[in-house]
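The structure under discussion appears below in the form of structure tokens.
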Amino acid sequence: MANPVFEFQVDGEKLSVELSAFGKLAISLNGKVVKSVREFGLRSTHKIDVKGTVYTIEAHVSNLFTGKITCSLFKNEELLFHQYTKAVLGEKNKYLSFILLIGFCGVLGYFIPKMGAWAWLSPILFIVCVVVAMSGRERIYNVQTKKT
């Protein structure tokens with residue numbers, strides 16, 4: 001699974017922010033990791049010093065369902081750059097996830113009539129099956145810059 005990487009040019013240096021699905025945020029300066037933290041919130045703010053100037057990086061998961069993530073770079077409370085990305089499903093593991101989904105639906109179709117009083121769980125189990133089947137799909141993040 002590809003992680004979104006936001007890249008900024010500041011004071012002649014390349015500043016990049018990489019986010020992972022498991023809450024890890026890595027800030028690199030010219031390819032060298034200068035800060036790495038693990039957070040599970042939807043918004044995080046970090047300060048970094050580049051050649052004596054303090055920059056503020058704000059990463060925010062705008063929409064969990066579409067995978068929209070925004071990353072903003074501030075200098076003295078002034079917005080310098082604003083980038084965003086949306087997750088797009090890639091072709092990798094496409095057929096495997098489809099086969100898993102059909103298999104899970106078949107298993108559910110077999111067991112639902114036998115569930116009796118527990119049949120109300122079937123929609124929840126179906127959603128779990130879809131999530132498990134789709135979790136193997138590759139996510140591609142195309143970073144776009146918004147004019148500031």
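No hydrogens, no waters, no symmetry mates; every other heavy atom, side chains included, goes into these values.
Within a 6.0 Å sphere centred on OH of Y110, other residues, nucleotides and ligands contribute 12 heavy atoms or fewer. Heavy atoms from other residues, nucleotides or ligands lying under 6.0 Å from CD of Q9 number more than 12.
Under the 3.5 Å distance criterion, the side-chain polar atoms of N30 are matched with a main-chain donor or acceptor of K14. Here the side chain of K75 pairs no donor or acceptor atom with the backbone of V54 at under 3.5 angstrom.
The nearest pair of heavy atoms linking C129 to L108 is SG-CD1, 3.8 Å. Annotation for V34 and L29: closest pair CG1-CB, 4.0 Å, computed over non-hydrogen atoms.
For the pair K47 and Y55, the NZ or CZ position fails the cation-pi test of under 6.0 Å to the six-membered ring centre and within 45 degrees of the ring normal.
You'll find the side chain of T70 stays beyond 4.5 Å of the side chain of Q83, heavy atoms only. L19 is not listed as a side-chain neighbour of K24, based on a closest heavy-atom distance of 4.5 Å or more. When side chains are defined from C-beta on, M115 counts as touching L125, because their heavy atoms get closer than 4.5 Å.
For the residue pair S72 / H82, a side-chain donor-acceptor distance below 3.5 Å is found, with atom types taken as modelled.
One hydrophobic cluster, built from ILVMFWY side chains closer than 4.5 Å, holds both F126 and W118.
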